[in-house]
Amino acid sequence: MEKHANFGSRMGAIFAAAGSAVGLGNVWRFPMEVGNNGGAAFILVYLLCIVLMGLPIMISEFVIGRHTQSNMIEAFRKLAPGKWWRFIGILGIFVAFIILSYYIVVSGWTLYYTYSSFSGMLMDNDTDYGAFFGNFVANPWLSVLFAAIFMLLTHIVIARGVQSGIEKCSKVMMPMLLLIIGLLVLCAFSMPGIDEGLRFLLKPDFSKLTVSAVLSAMGQAFYSLSLAMGCLCTYASYFGPKTRLMSSAVSVAAIDTFVAVLSGFIVFPAVFSVPGVEANAGPGLVFQTLPYVFNMAFDSVPWLGYLFSGMFYILLFLAALTSAISLHESVTAYVHENWHMPRKKAATLVSVATMSFGVVCCLSFGVLSGWTIFGMNIFDLFDSVSSKILLPIGGVLIALFVGWYLDRKLVYMEVTNNGTLSGRFFGVLLFLIRWVAPIAITSMFVKGLLDML
Ligand code: PHE
């Protein structure tokens, strides 16, 4: 039997898990949600959700992964042999596959926008960027080509393995990403809209805090931390015995939240710098509104506009890549370990299968836009079903499994590294896992269902 892979260092493990968490969810989805839900009050609720719900589930996944040293399906099979709990693992890996197939589509857009920024296409005052985006996504060749390039890059990293692929790549890309964010925040502070942007982000207006905003904050926290998809469980199976589960989870959640909030500090000063652009522009905020904003804001120094917009889309691309890698690994680890296939072959199989679904998602903005189910095209269907239905179900089940089914002693031993670390917060943690997280997520789930009907 082949030895199970391991991350080479504790730092590497944290970077890899943070790489999974920091993704399009932080730079694209978070500012959009903040914009739609009224700013600072939403951020406060989001932070609460991270602590009360996100952290406990992340630690639960870490416990399952490190204890079993297995991919998600195998992990549940080992911990609950012959019981129906093993469907949690199957569900997680299935969702990872579905999410990956549409994630590569948006990731392909980030590549195309990076290219467009540096080639000057995004720096033309007369362009209508709504139409620019619409024409691009409706062009089957271009959108498939960029998604395929992105898939290929993900594949190369996965095929190289855990230490020389995933860990090495995260250790290089995460610091790069943090550096770019820092530079962009500095630029944002020199924009005319900085005061209004800061007010929007820092001054809570609780009258805008509707029930739906609270539930959206929960959904966002869940998505952003990459919970319930086997990614963190799989990565935790590569953690060594000395990795501290609680403090690693806190670091990952802190990095993830930091990047999300800083993305807000980049996007909103830019948005408020241009009259007539609304903060609540929705999904188009990053791809349709921002190019326009960069253009106007840097009207007098166009080269700075090139640079700002180019760096912004590289940031999105890097964030997307490390997340896609974790989704890919969640599926590949299963195929590699349980189907006894060499890693490279398993990775190829997963890449080809994902790309086939990815092509359908790409085309759902153009030639296949007529194919709808419940009024949604394939891309929206994949997104809605996975994040609003399957993820919450997986999350609740993971919390119930660790909180109620697993032996309390086993969980304690994992969290305290066999009693060598202090177990001071264990009681609080268990309470969050048993009660708070399942109840909070169930309400999010009901809201998701009501939204869809
Ligand atoms: N957390 C990632 C993001 O913020 C998305 C993701 C979800 C990645 C699930 C892996 C697994 O974009």
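In each ligand, atom 1 is the first atom listed, and ligand 1 is the first ligand listed. Computed over heavy atoms, backbone and side chain alike; hydrogens, waters and symmetry mates excluded. Numbering starts at 1 and runs along the sequence shown.
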**Report entry** Ser326 N/O to ligand 1 N/O under 3.5 Å
**Finding:**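 Such a contact does not occur with ligand 1.
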Query raised in the report: Taking distance alone, with no angle check, do Leu225 and ligand 1 share an N/O pair under 3.5 Å?
Result: no
For [X] and [Y], indicate whether the former's side chain and the latter's backbone hold a donor-acceptor pair under 3.5 Å.
X      : Y      : answer
Thr154 : Ala324 : no
Ser330 : Ser326 : no
Ser369 : Phe365 : no
Asn139 : Asn135 : no
Lys78  : Thr68  : yes
Tyr129 : Leu122 : yes

[X] neighbourhood, listing ligand 1 atoms whose heavy-atom distance to it stays under 4.0 Å:
X      : answer
Leu24  : 3 (C), 12 (O)
Ala21  : 1 (N), 2 (C), 3 (C), 4 (O)
Ser20  : 1 (N), 2 (C), 8 (C), 10 (C)
Ser224 : 1 (N), 4 (O)
Asn26  : 4 (O)
Tyr103 : 2 (C), 3 (C), 5 (C), 12 (O)

Requested in this report: Test His328 against Thr354 for side-chain hydrogen bond (donor to acceptor under 3.5 Å, both in side chains), laying out the working first.
Outcome: CA-CA 9 Å; His328 198 304; Thr354 315; 5.4 Å; no
Report task. Could you tell me the residue and atom name of the protein heavy atom closest to atom 9 (C) of ligand 1, and the distance to it rounded to 0.1 Å? Result ->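 Looking at atom 9 (C) of ligand 1, the protein heavy atom closest to it is Met229 CE, 2.8 Å.
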Query raised in the report: Which residue supplies the protein heavy atom nearest to atom 10 (C) of ligand 1, what is that atom called, and how far is it?
Result: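 Its nearest protein heavy-atom neighbour is Ser226 OG, 3.4 Å.
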Query - ligand 1 contact on Cys231 by region, counting heavy-atom pairs under 4.0 Å - result: side chain
Report task. Please verify whether a non-hydrogen atom of Leu327 lies at under 4.0 Å from ligand 1. Result ->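 Yes, that is the case, since the closest heavy atom of the residue is under 4.0 Å from the ligand.
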Query raised in the report: Contact between Trp28 and ligand 1, counting heavy atoms under 4.0 Å?
Result: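 Trp28: no contact with ligand 1 (<4.0 Å).
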Query raised in the report: In terms of side-chain geometry, is the basic nitrogen of Arg343 or Glu329 positioned less than 4.0 Å from the acidic oxygen of its partner?
Result: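 Salt bridge: yes.
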Query - Exercise: do Asn338 and Glu74 side chains pair donor with acceptor under 3.5 Å - result: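 On atom types as modelled, these side chains qualify, holding a pair under 3.5 Å.
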